[in-house]
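Just so it is clear, the structure is predicted and the values come from calculations on it, not from any experiment. In what follows, residues are counted from 1 in the order of the sequence shown.
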Amino acid sequence: MTALVRDDAVVVPVSLGSRSYDIVIGRGVIATLGTRIAELRPDAKVFIVSDKNVATHAMAPTQTALKRAGIASGQMIVPPGESSKTYRVLERVCEAILDAQIERGDLVVALGGGVIGDLAGLAAAVVRRGLDYVQVPTTLLAQVDSSVGGKTAIDSPHGKNLIGAFHQPILVVADTALLDTLPQREFRAGYAELVKYGLIGDAAFFSWLEMHWRDIFAVSSRNSAREHAVAVACRAKAAIVGRDERETGERALLNLGHTFGHAVEAACGFSQRLLHGEAIAIGMVLAFEFSARRGLVPAADAERVKRHFAEVGLPTSPSDISGPLPGLDPIMELIAQDKKVKRGMLTFILVRAIGSAVIETGVEEHEVRVFLNEKLARR
Ligand SMILES: NC(=O)c1ccc[n+]([C@@H]2O[C@H](COP(=O)([O-])OP(=O)(O)OC[C@H]3O[C@@H](n4cnc5c(N)ncnc54)[C@H](O)[C@@H]3O)[C@@H](O)[C@H]2O)c1
Ligand SMILES: [Zn+2]
């Protein structure tokens, strides 16, 4: 389904009936943002939401691209980080969009990582009962995951991402050159989500990543490994979202590693101590080891996954987390609070092989407790 258009851009379609849209991937594709928007929504005004770090690097090229297509734009820059996914910042973004006289038919542009995509996407979902928006993801995590699929949210004191809406963008423009300024640690964390697609359903992609990961990290316009990898991930996510937009089934596979991962991420207070991607690298290794323990997957597969994350420099077990962690009971509590709990039974995404994940709804808490107790004892 992937077609090559204009220069070297790869276009991955997301098929959702009247809510279908394209993901445009390539080095330098930000320069085509204005013309692409003008084609989709002639005469629309644009309001850009970004964060301070992103704006330093990416605001100027974004505004230039819009101006060149004759598009007027306003902007709002919020502080970087998860702390911007709050009611208070959402309110400020919504009011700024109204102040800029953005009407139905105009557009919001989310220029940034997953935080900005989630925040601006939710603002677009609620202002005037729904404005169209465009995702311009600037982190690897956002390019391979959060900018696609229409999940938007802010955090509540009750937990992460609890206040949100499904609201699909009308276009995603993923300029892989924008990732050149991303701090290495953030890049690596996003890489964990990229590996996830191999582990869920594409063993050949995982093998390819084992061979080519260094090319994806390399700052170079000559090799196209990064663009290829982002395209494979987006194609996989688009296919899953196309079949299960609202996560009533298959889309849950994208949560591989996230039950264990969220628990350790929460245990570290969602802080710089452990980034989301680092947490789910640990979570995915634990999901493989737990599956191996149940006899579902060969232990050698779990070892292989662990080896790859370690080679890339990602943490692979709770013992890689520096500083104190809460004990088993609070961590089990965090797992039980996870949204994937139904009637006392835990739902886990387990694996039968590298490239074959399954939704398992009947995992007993006790089993998890015994497994985690061992893992935490090794710290
Ligand atoms: N909606 C979804 O489907 C979905 C999926 C996964 C994660 N998420 C959400 O995404 C968020 C995490 O996203 P993230 O990892 O992209 O974090 P982020 O948006 O906070 O970006 C990480 C850091 O990198 C900086 N940055 C971003 N782009 C840059 C660039 N090109 N150059 C230099 N610095 C740059 C940011 O300012 C920030 O400090 C979480 O809130 C998570 O809940 C949403
Ligand atoms: Zn994730």
By side-chain hydrogen bond (donor to acceptor under 3.5 Å, both in side chains) - contacts of Asp118 (at least two apart):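 Asp118 satisfies side-chain hydrogen bond (donor to acceptor under 3.5 Å, both in side chains) with Lys85 only.
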Results of side-chain hydrogen bond (donor to acceptor under 3.5 Å, both in side chains) for Ser207 - residues two or more places apart only: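 Residues passing side-chain hydrogen bond (donor to acceptor under 3.5 Å, both in side chains) with Ser207: Arg304.
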Modelled atom types, side-chain donor and acceptor of Asn255 and Thr259, under 3.5 Å: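 Looking only at side-chain atoms, Thr259 and Asn255 do not form any donor-acceptor pair under 3.5 Å.
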Thr176 and Glu227: side chain donor to acceptor below 3.5 Å: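 Yes - a donor-acceptor pair under 3.5 Å links their side chains.
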Within-4.5 Å side-chain heavy-atom neighbours: [X] and [Y]:
{"X": "Arg352", "Y": "Val297", "result": "no"}
{"X": "His258", "Y": "Glu265", "result": "no"}
{"X": "Val351", "Y": "Leu199", "result": "no"}

Remaining members of the apolar cluster that contains Phe166, side-chain heavy atoms under 4.5 Å: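 Traced through the cluster, Phe166 reaches no other member.
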Other cluster members, Val115 - Ile/Leu/Val/Met/Phe/Trp/Tyr, side-chain contacts below 4.5 Å: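 Listed partners: none, Val115 stands alone.
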Mind checking the [atom1]-[atom2] spacing from [X] to [Y]? Nearest 0.5 Å is all I need.
{"X": "Ser224", "Y": "Ile25", "atom1": "OG", "atom2": "CD1", "result": "12.0 Å"}
{"X": "Gln143", "Y": "Asp145", "atom1": "CD", "atom2": "CG", "result": "12.0 Å"}
{"X": "Leu325", "Y": "Cys268", "atom1": "CG", "atom2": "SG", "result": "5.5 Å"}
{"X": "Ile170", "Y": "Tyr21", "atom1": "CD1", "atom2": "OH", "result": "11.5 Å"}
{"X": "Phe288", "Y": "Leu350", "atom1": "CZ", "atom2": "CG", "result": "10.0 Å"}

Would you name the heavy atoms of [X] and [Y] that are closest together and state the gap between them?
{"X": "Ile354", "Y": "Ala203", "answer": "O-CB, 3.4 Å"}
{"X": "Ile200", "Y": "Leu254", "answer": "CD1-CA, 3.8 Å"}
{"X": "Val24", "Y": "Ala9", "answer": "CG1-CB, 3.9 Å"}
{"X": "Gly117", "Y": "Gln135", "answer": "CA-OE1, 3.4 Å"}

Pairs touching residues 273-287 that satisfy salt bridge (Lys or Arg N to Asp or Glu O under 4.0 Å), sequence neighbours left out: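 Sorted result for residues 273-287: Arg185-Glu278.
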Sequence neighbours excluded, every pair satisfying salt bridge (Lys or Arg N to Asp or Glu O under 4.0 Å) that has a member inside residues 94-116: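 Applying salt bridge (Lys or Arg N to Asp or Glu O under 4.0 Å) to every pair that reaches into residues 94-116, excluding sequence neighbours, yields nothing.
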Contact list for residues 358-379, test ring-ring contact (aromatic ring centres under 6.0 Å, His included), sequence neighbours left out: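 Every ring-ring contact (aromatic ring centres under 6.0 Å, His included) pair that includes a residue of residues 358-379, provided the two are not neighbours, is Phe260-Phe371, Phe290-Phe371.
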Selection residues 113-140 - residue pairs positive for ring-ring contact (aromatic ring centres under 6.0 Å, His included), sequence neighbours left out: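 Counting only pairs at least two positions apart or across chains, the ring-ring contact (aromatic ring centres under 6.0 Å, His included) contacts touching residues 113-140 are Tyr133-His167.
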Glu311 CD: over 12 foreign heavy atoms closer than 6.0 Å: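 It does: Glu311 CD has more than 12 such atoms within range.
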Residues forming a ring-ring contact (aromatic ring centres under 6.0 Å, His included) with His57, sequence neighbours excluded: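 For His57, no residue satisfies ring-ring contact (aromatic ring centres under 6.0 Å, His included) once neighbours in sequence are set aside.
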Set of residues satisfying ring-ring contact (aromatic ring centres under 6.0 Å, His included) with respect to Phe206, sequence neighbours excluded: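 Expected list: His308.
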Salt bridge (Lys or Arg N to Asp or Glu O under 4.0 Å) partners of Arg19, counting only residues at least two apart: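 With sequence neighbours excluded, Arg19 shows a salt bridge (Lys or Arg N to Asp or Glu O under 4.0 Å) to Glu245, given in chain and number order.
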Plane angle bin for Trp208 and Phe205 - parallel if under 30°, tilted between 30 and 60°, otherwise perpendicular: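 Parallel.
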Which donor-acceptor pairs under 3.5 Å do side chains of residues 48-55 form with protein atoms, sequence neighbours excluded?
unit_1	atom_1	unit_2	atom_2	d
Ser50	OG	Leu111	O	2.8
Asp51	OD1	Asn53	N	3.0
Asp51	OD1	Val54	N	2.9

